[in-house]
Amino acid sequence: MGDNSNTLRRIKHMSMYSNIYLQIILVMTFLLLILYYTRIITPSNFFPVMRSNTCNVNLHLNLTPLEKLTFLSPYGGSWLNGKNNCSCNIGKQWPLTAFYDPKNMVSIEKRRRVQYEQHKKRNELPLKNIITAQPNSPLSYPIHGVEVMPLQSIVIPGLGVFAWERRNYMVKLKATQGVFNTIADVPEGVLNGLGDKELTVTSPCLQFINVVLKHITYTSKKYHINTVDVDSNINSLVTITTKTFLRYHKLRVLIDSIRRFYPNMTIIIADDSEIPEKIEGPHIEQYMMPFAKV
């Protein structure tokens, strides 16, 4: 009798769990049906376009000939070398090496290389490399390191779209200081706003959208001496916050370390010391909290 009762109890437990699992499955199925009929989701949402080969467009774009891209350079020459396009009509041109003794050229070139490296260390930012925001959202784009000299053009790096399958895609770019264009021959109807501050890219094919975005250019339209268009100022994008409790010597070590690379970045200090010390300095904000606040 004992074995039989244990067997019956196990059967009842298994039956109860089976009913629970069945109820969960029914509830999930009901919710999916509601979402489907309210058009919040569709079966195609579960598969990204990047894995699809349904695009009936040519994914290869021909580059526009250089002679047709002179509008990207204010000097009327090649926009790729716009920084060096300078001409002085003052007569015969003399190469710099003509004014040096050939015997001294090796030492002169070595000295100039050293001076150039020193110049770069003095003037270049620690974060000189281009940083691209990864597509945690549907978009990837450059967030630091892109510079555009006054009245010059660049191909914008890092642009891309990563999204679920849709019937049509639209990417809209906006600028405040310059205009957008392209260096590729793009079919009509894909780009709207060439040469303007607002550019729209539309296509039913996501792969094609990303191909077009790789050829989008930005041109600076305002000139001011010693001014460069930058994609972002890291000091306006990043604020450092720290909490301190008594250990002010460690806090000052942290501030000194930050100031070595980011002298103008804002530092916010949350201080819950019983007898707080005043921390002063440029771009430093200190807020007093209740004692021993966790």
Side-chain angles (χ1 to χ4, degrees), residues 66 72-134 140-159 175-178 217-242 249-268 279-284:
L66 291 178
L72 294 177
S73 171
Y75 307 104
S78 172
W79 70 279
L80 292 173
N81 301 309
K83 295 181 181 180
N84 300 320
N85 283 346
C86 179
S87 61
C88 300
N89 297 321
I90 57 175
K92 187 177 180 179
Q93 298 182 359
W94 294 90
L96 183 63
T97 56
F99 295 90
Y100 291 101
D101 190 332
K103 298 180 180 179
N104 299 328
M105 285 305 302
V106 175
S107 60
I108 291 173
E109 291 178 354
K110 182 178 180 180
R111 173 176 55 83
R112 295 186 67 183
R113 282 195 299 269
V114 173
Q115 292 176 339
Y116 178 62
E117 292 300 324
Q118 293 174 345
H119 167 77
K120 289 196 298 182
K121 290 180 180 180
R122 290 193 304 267
N123 293 277
E124 291 186 354
L125 296 174
L127 292 177
K128 190 66 176 179
N129 295 331
I130 295 175
I131 301 176
T132 302
Q134 297 302 311
S140 67
Y141 50 90
I143 58 176
H144 183 77
V146 178
E147 294 184 356
V148 188
M149 300 303 294
L151 305 182
Q152 296 295 339
S153 302
I154 64 164
V155 175
I156 306 175
L159 290 181
T176 57
Q177 303 295 326
T217 65
Y218 171 82
T219 302
S220 170
K221 284 296 184 180
K222 291 187 178 181
Y223 176 81
H224 190 279
I225 192 169
N226 292 331
T227 298
V228 176
D229 283 7
V230 296
D231 57 319
S232 59
N233 182 357
I234 192 170
N235 294 315
S236 64
L237 295 175
V238 177
T239 298
I240 297 177
T241 60
T242 181
H249 61 291
K250 296 295 184 181
L251 176 62
R252 291 186 172 89
V253 171
L254 172 63
I255 294 174
D256 291 341
S257 177
I258 295 171
R259 287 294 179 249
R260 287 178 57 194
F261 299 100
Y262 307 105
N264 299 319
M265 186 169 289
T266 300
I267 302 175
I268 297 178
I279 304 297
E280 297 180 336
H283 308 288
I284 292 179

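Residues take their numbers from the sequence shown, with the count starting at 1.
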Tell me the closest heavy-atom pair linking [X] and [Y], and the distance in Å.
X	Y	value
Gly178	Tyr218	N-OH, 3.0 Å
Gly158	Pro142	C-CD, 4.5 Å
Ser153	Thr219	OG-OG1, 2.7 Å

- Task: With sequence neighbours excluded, tell me which residues meet side chain to side chain donor-acceptor pair (under 3.5 Å) with Thr217.
- Result: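 Applying side chain to side chain donor-acceptor pair (under 3.5 Å) to Thr217 gives none.
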Could you give the distance from [atom1] ([X]) to [atom2] ([Y]), rounded to the nearest 0.5 Å?
X	Y	atom1	atom2	result
Ile255	His283	CD1	NE2	13.0 Å
Gln152	Lys221	CD	NZ	11.0 Å
Thr242	Lys250	OG1	NZ	13.0 Å
Met105	Arg112	CE	CZ	8.0 Å

- Message: Quick check against the 3.5 Å criterion: does Thr266 have a side-chain atom that pairs as donor or acceptor with the backbone of Thr239?
- Response: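 Not a single qualifying donor-acceptor pair exists.
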- Message: Taking salt bridge (charged side-chain N to carboxylate O under 4.0 Å, His left out) as the definition, give me every residue that meets it alongside Arg259, ordered by chain and number, with sequence neighbours left out.
- Response: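 Counting only residues at least two positions away or on another chain, Arg259 forms no salt bridge (charged side-chain N to carboxylate O under 4.0 Å, His left out).
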- Message: Out of the candidates Ile267, Ile279, Asp256, only one should pair with Leu251 under the side chain to side chain contact (heavy atoms under 4.5 Å, CB included) rule; please name it.
- Response: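 With Leu251 as partner, Ile267, Ile279, Asp256 yield a single side chain to side chain contact (heavy atoms under 4.5 Å, CB included), made by Ile279.
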